[in-house]
Structure formats: C-alpha cells, structure tokens
There are 2 protein chains.
Amino acid sequence: MGMEKNGNAEGKLSEYLYPPEILKRLDFSKSPAKFHPKISAVDPGEDWMVVRPLQRSDYDKGFLQLLSQLTSVGNITRKQYDDRFTKMKHSGGYYVTVIEDTRINKLIGAATLTIEQKFIHNCSLRGRLEDVVVNDTYRGKQLGKLIVVTVSLLAQELGCYKMSLDCKDKLIKFYETLGYKMEPGNSNAMNMRYVKPLY
Amino acid sequence: MGMEKNGNAEGKLSEYLYPPEILKRLDFSKSPAKFHPKISAVDPGEDWMVVRPLQRSDYDKGFLQLLSQLTSVGNITRKQYDDRFTKMKHSGGYYVTVIEDTRINKLIGAATLTIEQKFIHNCSLRGRLEDVVVNDTYRGKQLGKLIVVTVSLLAQELGCYKMSLDCKDKLIKFYETLGYKMEPGNSNAMNMRYVKPLY
C-alpha cells in the first residue's frame, strides 16, 4: 500500500529532505580546501552532475546501493526508506546531501550533516559529518572533497559553531586539507557496541 | 511574557523532556561498570537523590549553573531555555538526564544522550554521549559513573546499535571501565570551528 501510494505521487517523490536553495548560498572561497579545477556545489565541474538534498525518489536512484559501498545497509524496503525519510524531515536537523549523475539518474556521492541542538554556548548548534561515500568509478573528479566541503559550509551557513567527525587513521590527512583538526589532548573517539551486528 | 506564562503554569513546569518511566526499565547488571556500593538510576544510593529526565522547571534548579562547571554557557534567558527545551522535545532524540539533590532542589549531575537516525545498518539508530557534568562537591558518590551508565543503558533500551563519545586523553580510562573502547585504526575525533567563540 505504501509503495503504491508513493509510486503514484510524483509531487511527493520529488520532495526534498531540506530546501535546495540553501546550497546556492554556500561560498566555496571560505573553505581552506583547494580544488583543481575550481568547482562548487552549484558548479560541480560537469553539466551532467548536480549536488542537491536527498529526495524521496532517491530510493530508485541507487541511494542505498551507494551507501552499501561504505558499509552494510541491509534489505531496506521502499516503505522503510520512506518512513525514515519522513521521520528525518519531521525531526529536522538532517541534511543528507547527494551528487547525481543525471545522464543515468544515479547517485554517485553522498554525505550527511546532522545538527545537534545544545544548551551550552548560548543554546548553540553542533554539526556532525556522517556517512560520506563516493562511487569509486568516478575517481579524479574531486567528488569526495566536493561533498564534504558542501556539507561543511552548510553547517556554517546554518549557524553551527563547530562541525565534528570521527574517522579512520588513513583519512586524517584528507580531512586536514579541508580544515578539520585533531585537537591536542582531546581527539579520542570511543564506542560501545550493544549487539553483534547481524547485517 | 514568556516568563509569566510559564511561571504560572505549574503543570507545564513539571513537564519532562522524555517519559521518566523508561529509566525504571534499565537493567544495571547489563553494564560492565562496577559500583561499590551497588547503585542504579532507580536506587541512586541516597534517599535525597533522584535520577530523572530534564524538566522544564530545571531552569530554576540550577541546570545552567551546573553546565557552566563543564564549559561556557552564556547568559541564557528563561525564554531561550524554554524554546530550546520545546524544540528538543519536538525533534525527538534528545535525552537530557539529570540527578537532583531533592533536599535543596538543585541539580548535581547531568548527561545527554542524543539519538541519530540513519539509513545504514537497516535504518539503525546511533547514540551519542554529550555534555557530562557532575557537581564536584558530591565526590565519592559515584555520580559520574551513575549518570553515564544510565544514559548508556538508555541508548540500548531505545534500540541503538552503538553509542559513541569524544573525550579528552585523561578520561579514556574512566570510559573504558564503563564499556567504551578505542577501536584500533578508527578512533580519531576531528573538529572544524567556524568562529572564535565569543562566550
């Protein structure tokens, strides 16, 4: 039922997770990242590429297959995807951003900015970078840099006082070129896992 | 205006950020943390102590003064506090948990669990530990351990597959005794700060 309802609702399918206009306001000259050649969210370097918020219809554009290049995703039905999209939009604070190859209607890059509301620092906002992935058949197009800088500038545009990420050792240098720092004495990411993953 | 409205609404003032009943379901025997003597969220060791969700009325119970022992808070008005409380409750996913000394109606400990909704791992949930603080005049009562284990068990109860935290070097050992681990090759916390903090 959920599938049919959404399959027939074209207007709803093109629904964005957040207003796409925000991406036009990002000033890539504010980022310490160096692009050769220069590209940005509004001008990603190829006319068949577009950087935009996740859409409800992206279930059909390979969003979950793209994420599975990053980690296990599992068999997510259209209804599950749709429900999670709805919940994220209702909650606010979720800025899943994607790059589409419009020649083939497939997503080729994605990164998520989440925004946490705080009481400290005058009821501040803190951004977090999550779930960065780029289809590796598109190497050499600076897409990793492009998607991370896009959501990093987005966090600033939305008023965050800082943006945080956890990463593997081998990615530290990459993120340093984009302006992220290991803060001396305060750069430890710890985890507790509750169950053995079944996926 | 906001102040008067809230000051007169006793029912609203006692409003919890999340249902307090959840805390009764936590099984402290599931935590690797060792308590001497044994305490828990429902039995915190003293009859004048209570562990509960943040309430709207906690502006008057020293919540912000407690947070200022952790970091800069700034001058947050009652209306700002109230608005942030409302937004957190509306968004969902915010589990600010406190310890009150009911003899003096003051908060003496706090920790925040935030829950992030994901698509990966079968539309999973990821918990994060934030803004842990205990009034240091209450040393020796295991309150730091108590509040962290409370929100860690809460994350599990609410279905998170893992819980994460960033911490200073000197706190690694403490969190290890509670079940948190540095994952080899993948335990780096990086930050980008957007403006010089004015607070």
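Because only heavy atoms are used, hydrogens play no part in the values below, and waters and symmetry mates are left out as well, while side chains stay in. Quick caveat, the model's predicted, so the values are computed rather than measured. The sequence lines fix the lettering, A, B, ..., with proteins before strands; numbering per chain opens at 1.
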### Message
If I measure from the heavy atoms of chain A, does B/Leu178 come under 4.5 Å with its side chain, its backbone, both, or neither?
### Response
backbone
#### Entry: Contact winner vs chain B - A/Asn191, A/Asp169, A/Asn186, heavy-atom pairs under 4.5 Å
A/Asn191
### Contacting moiety of A/Asn75, where chain B heavy atoms sit under 4.5 Å
backbone
### Passing candidate, side-chain hydrogen bond (donor to acceptor under 3.5 Å, both in side chains) with A/Ser164, options A/Glu116, A/Arg126, A/Arg128
A/Arg126
### Query
Does A/Ser72 offer a backbone N or O that forms a donor-acceptor pair with the side chain of B/His121 under 3.5 Å?
yes
### Task
Select, from B/Asp131, B/Thr114, B/Leu67, the one with the greatest count of heavy-atom pairs under 4.5 Å involving chain A.
B/Asp131
### Query
How far does CZ of A/Phe28 sit from CG of A/Leu146, to the nearest 0.5 angstrom?
5.5 Å
### Query
Quick one: of A/Cys123, A/Gly179, A/Ala155, who has the most non-hydrogen atom pairs under 4.5 Å with chain B?
A/Cys123
### Query
How far apart are the C-alpha atoms of B/Arg78 and B/Asp82, what are their side-chain angles, what is the distance that settles it, and do they pass the salt bridge (Lys or Arg N to Asp or Glu O under 4.0 Å) test?
CA-CA 6 Å; B/Arg78 185 185 297 268; B/Asp82 214 50; over 6 Å; no
### Task
Quickly, which of B/Asp58, B/Val134, B/Ile99, B/Asn135 forms a side-chain contact (heavy atoms from CB on, under 4.5 Å) with B/Leu66? Name it, please.
B/Asn135
### Task
Please flag which part of A/Ile115 lies under 4.5 Å from any non-hydrogen atom of chain B: side chain, backbone, both or neither.
backbone
### Query
What part of A/Ser152 is in contact with chain B, defined as an atom under 4.5 angstrom from a non-hydrogen atom: side chain, backbone, both or neither?
both
### Task
Would you check if the side chain of B/Gln142 reaches a backbone N or O of B/His36 as a donor-acceptor pair within less than 3.5 Å?
yes
### Task
Let me know if B/Lys87 has heavy atoms under 4.5 Å from chain A in its side chain, its backbone, both or neither.
both
### Task
Look up atom OG1 in A/Thr86 and atom CD in A/Glu15, then write down how far apart they are to the nearest 0.5 Å.
6.5 Å
### Message
If we define contacts as heavy-atom pairs under 4.5 Å, which of B/Phe119, B/Phe63, B/Phe85 has the most with chain A?
### Response
B/Phe119
#### Entry: From B/Arg25 atom CZ to B/Glu157 atom CD, the distance as rounded to the nearest 0.5 Å
4.5 Å
#### Entry: Atom CZ of B/Arg139 with >12 non-hydrogen neighbours under 6.0 angstrom
no
### Message
At a 4.5 Å cut-off on heavy atoms, which part of B/Tyr81 comes close to chain A: side chain, backbone, both, or neither?
### Response
both
### Task
Go through A/Glu176, A/Gln117, A/Met163, A/His90 and name the one with the most non-hydrogen pairs under 4.5 angstrom from chain B.
A/Gln117
### Query
Relative to chain B, which of A/Lys170, A/Gln156, A/Lys30, A/Met182 shows the most heavy atom pairs under 4.5 Å?
A/Gln156
### Query
Contact part of A/Lys118 toward chain B, heavy-atom cut-off under 4.5 Å: side chain, backbone, both or neither?
both
